[in-house]
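Worth knowing before you read on, the calculation uses all heavy atoms, side chains too, and leaves out hydrogens, waters and symmetry mates. Ligands are counted one by one from 1 in listed order, and the atoms in each one are counted from 1 as well. Start at 1 with the first residue, then count along the sequence.
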Amino acid sequence: MIKSKQIQRPSLVLVIDDHEINRDALGIILEESYEVIYAENGLEGLEMMRKYADTLSIVLLDLIMPQMNGFEVMERMQKDDVLQHLPVIVLTAEKDAELQSLQMGAADFITKPFDMPEIILARVGRIIELSEGRNLISAAEHDRMTMLYTRNFFFEYANRLFKYHPEMHLDAVAINIEQFHSINDLNGRDFGDEVLRTLGRAIKDFLAEAEGIGGRFEADQFVIYCAGQPDYRVLLDSFQEKVDCISPNASIHLRMGVKPWREDVEPLLLFDRARAACNMVRGNYQNPLMIYDEEMRNSELRNQKLLNDLRAAVEEKQLTVYYQPKYDIQCSPPRLASAEALIRWKHPELGTISPGKFVPLFEGNGMIGVVDNYVWSEAARQISVWSKKYNFSLPVSVNLSRSDLFDPTLEDRLVKLVKDNGLDFNQIKLEITESAYTDNAQKVLDVIRRIRNLGFEIEMDDFGSGYSSLNMLSDMPVDVLKMDMAFIRNIEKSETDTRLVLLILDIARYLNVSVVAEGVETAGQYNILKDAGCNLVQGYYFSRPLSPEEFEKLIEKELLIEREKNNDAQRTL
Ligand code: C2E
Ligand code: MG
Ligand code: MG
């Protein structure tokens, strides 16, 4: 069998010496084992280092030379990001220079005259080997984009600092870039890389002054383990300022979470909490800094409890569905037109928990599908019960979460829901929050279009709180705009808010869709909306969300009104 011989390119050695005789002598010794290039003085040497930076393994440097001496060469190398990693062996005849050379970063020295070739070869070989090994480690240690530590090395060093320097009291800081994937999508990867590099540089600059270490994990996850800062907002603002300089139009927003030092909390856990704090301020552009405190700890514990308890809640029927009516206010008296199904959790220990507390939590970990499935089947069953009991068809809207839209079984599940309960497609309406339309727009729009084509009516929930632009709206698959409560709250007092509501009604007319005003609480709000031509109203003014039993009273009242109307009509005939 022929063994293939591994061919290895010889290492490249640069000899810098002003005396030809020295260059020749070293050449004779080294050229057997290495590829050798030569420079006659310091300046020329630096030029060659830069030219061959990628392939050069070592520099043999004479100290006393015209133009630029060896010390100055080393000084310049130290200041150069690329050249500072290149190992240098100093060539010297004077013993005195040895210490100074070592202090300036020389890896070793060879004394003149060059009368011991084996020793010279051994020294050069050893330093090359050492430095190549070190470069390999350094490549794995550092993230290439930012030159900050990679995850494993970051925690390795953080653990050492924690263990051997307990007196340093280091805080954990987590930094993220809002919607980093959109920044990449909108401006291209190169731009995204530039943002990462800039933030990396800002962190390095900060660490040049402060004690600590920095790292970058995946994509835009930056971490700093540093001595406590008097005001983290100042630090965040300084990073933000540097990132803002890249492009004034790109609107890049940083957020930061901090978990302050605690004697008994190891780096891994400390950073988990810093990250949790950082996630708490996701999307909060006004206040993008969160310091982890006891309150957060308690809310984390409570969230964890809710996550653990969800399965039992479904099995033990702790989840119930409430219904809030929507009234058509353009007839007199207002007519019960439909309802919205809203989840309630009657927790055995924590009491009734509102969806605002647990829906976002379950959206975060994908378990919202379980909740939604439950609410949809309950609502569909209820529609069918009421339609049989009262011979009255009351359409009910259910809420969809963003993650439902990415579930490949969504269409089948919805169709099955309608079929199993003997309903028509127009008896279940689907509320989808505006912000779900705007991120990952194309995919989401395709899904919504498909379910709308099945015959479901689509209501855009919380309209006005997201960022739909007018030209996007005209292409969106929507039948109803549910105006966000924030618009209604102040219409009695604020002229501007009233004008905004009128504007939304105009937009809806232009798009040929109807409008539901949510959160209507007072007669004053109701009258303004009625006069402005708003079709449907939902809010405490008519009713809070009700249990099915309570809701039946509204149906019965409605039927009574209808009956009286019919009687009146017959009497006038
Ligand atoms: P939403 O879909 O915008 O629901 C309207 C919320 O406004 C409900 O809060 C309702 O109780 C409240 N509300 C109605 N009228 C008034 C009023 O006049 N004044 C005030 N201040 N509030 C009013 P709720 O039930 O706490 O639900 C909060 C959010 O949780 C919902 O907002 C919806 O986004 C989500 N949610 C509720 N049920 C479900 C569900 O089954 N699945 C999913 N994915 N999300 C749900
Ligand atoms: Mg809703
Ligand atoms: Mg809403």
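Aromatic rings from Phe155 and Phe217 are positioned such that their centres are separated by under 6.0 Å.
Assignment of Met485 to the shell around ligand 1 is supported, since a heavy atom sits closer than 4.0 Å. Not close to ligand 1: Val371, with no non-hydrogen atom less than 4.0 angstrom away.
In summary, the side chains of Tyr322 and Glu550 do not present any donor paired with an acceptor at a separation below 3.5 Å, with no hydrogens or angles considered. When only modelled atom types and interatomic distance are considered, Arg282 and Asn279 share a side-chain donor-acceptor pair under 3.5 Å. At a cut-off of 3.5 Å, with distance as the only test, a side-chain donor of Ser397 or Lys326 sits close to an acceptor on the other residue. Checked by atom type, the side-chain pair Thr409/Asp412 shows no donor-acceptor distance below 3.5 Å. Under 3.5 Å, the side chains of Asp244 and Gln240 contain a donor-acceptor pair of N or O atoms.
If you look at Thr433 next to ligand 1, there are no close heavy atoms at all, none under 4.0 Å. Residue contacts with ligand 1 for Arg344 involve side-chain atoms from C-beta outward but no N, CA, C or O (heavy atoms, distance under 4.0 Å). Residue Val375 touches ligand 1 through its side chain alone, judged by heavy-atom distances below 4.0 Å. Neither the backbone nor the side chain of Lys482 has any atom closer than 4.0 Å to an atom of ligand 1 (non-hydrogen atoms only).
In this structure, Glu194 pairs ionically with Arg197, as a charged nitrogen and a carboxylate oxygen lie closer than 4.0 Å. We find that Lys259 and Glu300 are not joined by a salt bridge, their nearest charged nitrogen and carboxylate oxygen being 4.0 Å or further apart. Checked for salt-bridge contact, Arg233 and Asp237 meet the test: a charged N lies under 4.0 Å from a carboxylate O.
Those atoms of ligand 1 with a heavy atom of Gln324 less than 4.0 angstrom away are 10 (C), 14 (C), 15 (N). Counting atoms of ligand 1 from 1 in the listed order, those under 4.0 Å from a heavy atom of Ser401 are 44 (N). If you number the atoms of ligand 1 from 1 as listed, the ones under 4.0 Å from a heavy atom of Asp462 come out as 3 (O). Which parts of ligand 1 touch Glu521 is read off a 4.0 Å heavy-atom cut-off, strictly below it: atoms 17 (C), 18 (O), 19 (N), 20 (C), 21 (N). Close approach of ligand 1 to Asp372 is summarised as follows: ligand atoms under 4.0 Å from at least one heavy atom of the residue are 40 (C), 41 (O), 42 (N), 43 (C), 44 (N). For ligand 1, the atoms lying closer than 4.0 Å to a non-hydrogen atom of Val359 are 45 (N), 46 (C). Atoms of ligand 1 lying under 4.0 Å from any heavy atom of Gly539, numbered from 1 in the order shown and given with element: 15 (N), 18 (O). Within ligand 1, the atoms closer than 4.0 Å to a non-hydrogen atom of Asp461 are 1 (P), 2 (O), 3 (O), numbered from 1 in the order shown.
The shortest N or O to N or O distance between Tyr541 and ligand 1 is not below 3.5 Å. At least one N or O atom of Glu518 sits closer than 3.5 Å to an N or O atom of ligand 1. Not one N or O of Ser354 is nearer than 3.5 Å to an N or O of ligand 1, by distance alone. The shortest N or O to N or O distance between Gln538 and ligand 1 is not below 3.5 Å.
Between His253 and Tyr285, the ring planes lie parallel to each other; the angle is under 30°, not in the 30° to 60° tilted range.
Put simply, Glu459 stays out of reach of the Mg ion (ligand 2), with no N, O or S atom under 2.8 Å from it. When distances to the Mg ion (ligand 2) are checked against a cut-off of 2.8 Å, Asp462 contributes no N, O or S atom below that limit.
The angle that Asn399 OD1 and Glu340 OE2 make at the Mg ion (ligand 2), rounded to 10°, works out to 90°.
Of all heavy-atom pairs between Ile329 and Cys534, the closest is CG1-O, 3.4 Å. Of all heavy-atom pairs spanning Leu405 and Val447, the tightest one is O-CG2, 3.5 Å.
Closest to atom 27 (O) of ligand 1 by heavy atom, among Pro355, Gly369, Pro545, Gly519, is Pro355.
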